[in-house]
Amino acid sequence: MAFCAVALRLGALSLPLVLLMVAYTLVPTVCIFLQGTDAGAATWLDAIVILMLWLPVELNLGGGWVPRPAQGLLHTVAYGVAITLALILFLGFRGMKGMKYNLPRRMMDLVDPFIAFVAVAPILIILGLLLSFIPAFHVSGNLSVGGAAKTFGLIFVATALPEEILFRSLIQNWLMQKFGSTTAVLIVASIIFGCAHLNNGPQQLPNWRYMIVATIAGFAYGKVFQRASSAIASMTLHALIDATKHLFF
């Protein structure tokens with residue numbers, strides 16, 4: 001309903017788009033409902049449903065039916081629908097363990113992101129410069145504490161929170177539940193996160209530079225997620241890394 005309301009407001013609503021959204025939300029819901037709540041820690045159907053929720057948004061399915069000026073906002077709304085539905089299905093109905101969708105329960109959840117930031121940020125900066133992924137360090141003339149805090153907050157809510165729910169609470173957690181909390185699982189989850197950035201700019205697509213940097217960043221996010229009692233820890237690290245890039249590179 002929210003997606004269709006926004007599409008209508010933007011003059012982009014059409015019958016094919018409505019039918020696509022109905023199928024997009026209905027099919028995963030039916031699959032999880034038929035599987036039931038006692039199917040085990042992590043099933044292959046869970047993985048299929050996660051892909052059903054992620055890939056259509058990632059691949060911009062139905063984008064050809066949306067006018068270009070409306071695509072950006074509608075894509076964001078679709079991402080919000082995907083994350084909300086995922087939480088309802090896997091956290092609310094399925095009761096999947098290990099999603100860590102809760103407030104921090106230990107002090108290290110607040111400390112680990114900053115330790116990881118100090119460790120991984122220099123690596124990402126040096127690699128980003130060598131790959132010509134980021135420009136040279138610079139400081140905006142109007143930079144302020146309030147402005148930096150606002151940037152961090154916006155990135156946390158709009159980028160870090162939904163991406164960490166998808167890539168850590170769902171994808172990495174499914175792998176951990178299925179195969180254990182091993183380094184190999186962490187590497188696989190990191191590569192998946194990196195590959196998700198191949199279709200992102202600003203460099204020419206497929207953006208292999210972004211993939212390399214995102215894979216390394218994803219390893220750090222995943223390691224913090226493994227250690228933490230709350231996904232807020234990896235969200236915080238994610239927002240710190242992205243805000244640093246936005247403010248200084």
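Scanning both residues, V57 and A82, for their nearest heavy atoms gives CG2-CB, 4.2 Å. Annotation for Y101 and I165: closest pair CE1-CD1, 3.7 Å, computed over non-hydrogen atoms. Closest approach of M176 to S181, counting heavy atoms only: CE-OG, 3.3 Å. Counting all heavy atoms, side chain and backbone alike, S190 lies closest to L186 at OG-O, 2.7 Å. The minimum heavy-atom distance linking I50 with L170 is given by the pair CD1-O, 3.9 Å. The two residues A228 and A233 come nearest to each other via the heavy atoms CB-CB, 3.6 Å.
Under the 4.5 Å side-chain criterion, counting only non-hydrogen atoms from C-beta, F114 is not in contact with L237. No side-chain heavy atom of R168 sits under 4.5 Å from any side-chain heavy atom of V224.
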Steps toward side chain to side chain contact (heavy atoms under 4.5 Å, CB included) verdict (C4, L13): CA-CA 7 Å; C4 292; L13 191 63; 4.0 Å; yes

Verdict with supporting geometry, W174 and W44, side chain to side chain contact (heavy atoms under 4.5 Å, CB included): CA-CA 9 Å; W174 184 88; W44 289 106; 3.3 Å; yes

Worked verdict on L20 versus W65 for side chain to side chain contact (heavy atoms under 4.5 Å, CB included): CA-CA 10 Å; L20 176 63; W65 297 327; 3.9 Å; yes

Pair F3-L17, side chain to side chain contact (heavy atoms under 4.5 Å, CB included): steps then yes or no: CA-CA 10 Å; F3 180 88; L17 200 60; 3.8 Å; yes

Residues E164, S234; criterion side chain to side chain donor-acceptor pair (under 3.5 Å); working and verdict: CA-CA 7 Å; E164 289 305 300; S234 61; 2.9 Å; yes

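Ring orientation note: the planes of F248 and F137 are close to parallel, at an angle under 30° on the 30°/60° scale. Note on ring orientation: taking the six-membered ring where Trp is involved, the planes of Y79 and H75 are perpendicular (angle over 60°, cut-offs 30° and 60°). Taking the six-membered ring where the residue is Trp, Y221 and H238 present parallel rings, their angle staying beneath 30° rather than reaching 60°.
Salt-bridge check for D109 with R106: passed, with a basic side-chain N closer than 4.0 Å to an acidic carboxylate O.
Distance check, rounded to the nearest 0.5 Å: CG of L240 to CZ of F152 gives 4.5 Å. Expressed to the nearest 0.5 Å, how far CG of L175 lies from CD1 of I187 amounts to 12.5 Å.
Environment of NZ in K100: crowded, with over 12 heavy atoms of neighbouring residues, nucleotides or ligands closer than 6.0 Å. Remark: F179 CZ is packed, more than 12 non-hydrogen atoms of other residues, nucleotides or ligands lying under 6.0 Å away.
The one candidate from D46, T37, D38 that meets the side-chain hydrogen bond (donor to acceptor under 3.5 Å, both in side chains) condition with R94 is D46. With V213 as the fixed residue, the side chain to side chain contact (heavy atoms under 4.5 Å, CB included) test singles out one of I123, I134, N207, L131: L131. When each of F225, Y210, F167 is paired with F193, the ring-ring contact (aromatic ring centres under 6.0 Å, His included) condition holds for F167 and for no other.
Between the side chain of Q71 and the backbone N or O of G63, at least one donor-acceptor pair lies under 3.5 Å. Side-chain atoms of Q172 come within 3.5 Å of backbone N or O of G222 as a donor-acceptor pair. In this structure, the side chain of T25 engages the main chain of V22 through a donor-acceptor pair within 3.5 Å. Here the side chain of S229 pairs no donor or acceptor atom with the backbone of P104 at under 3.5 angstrom.
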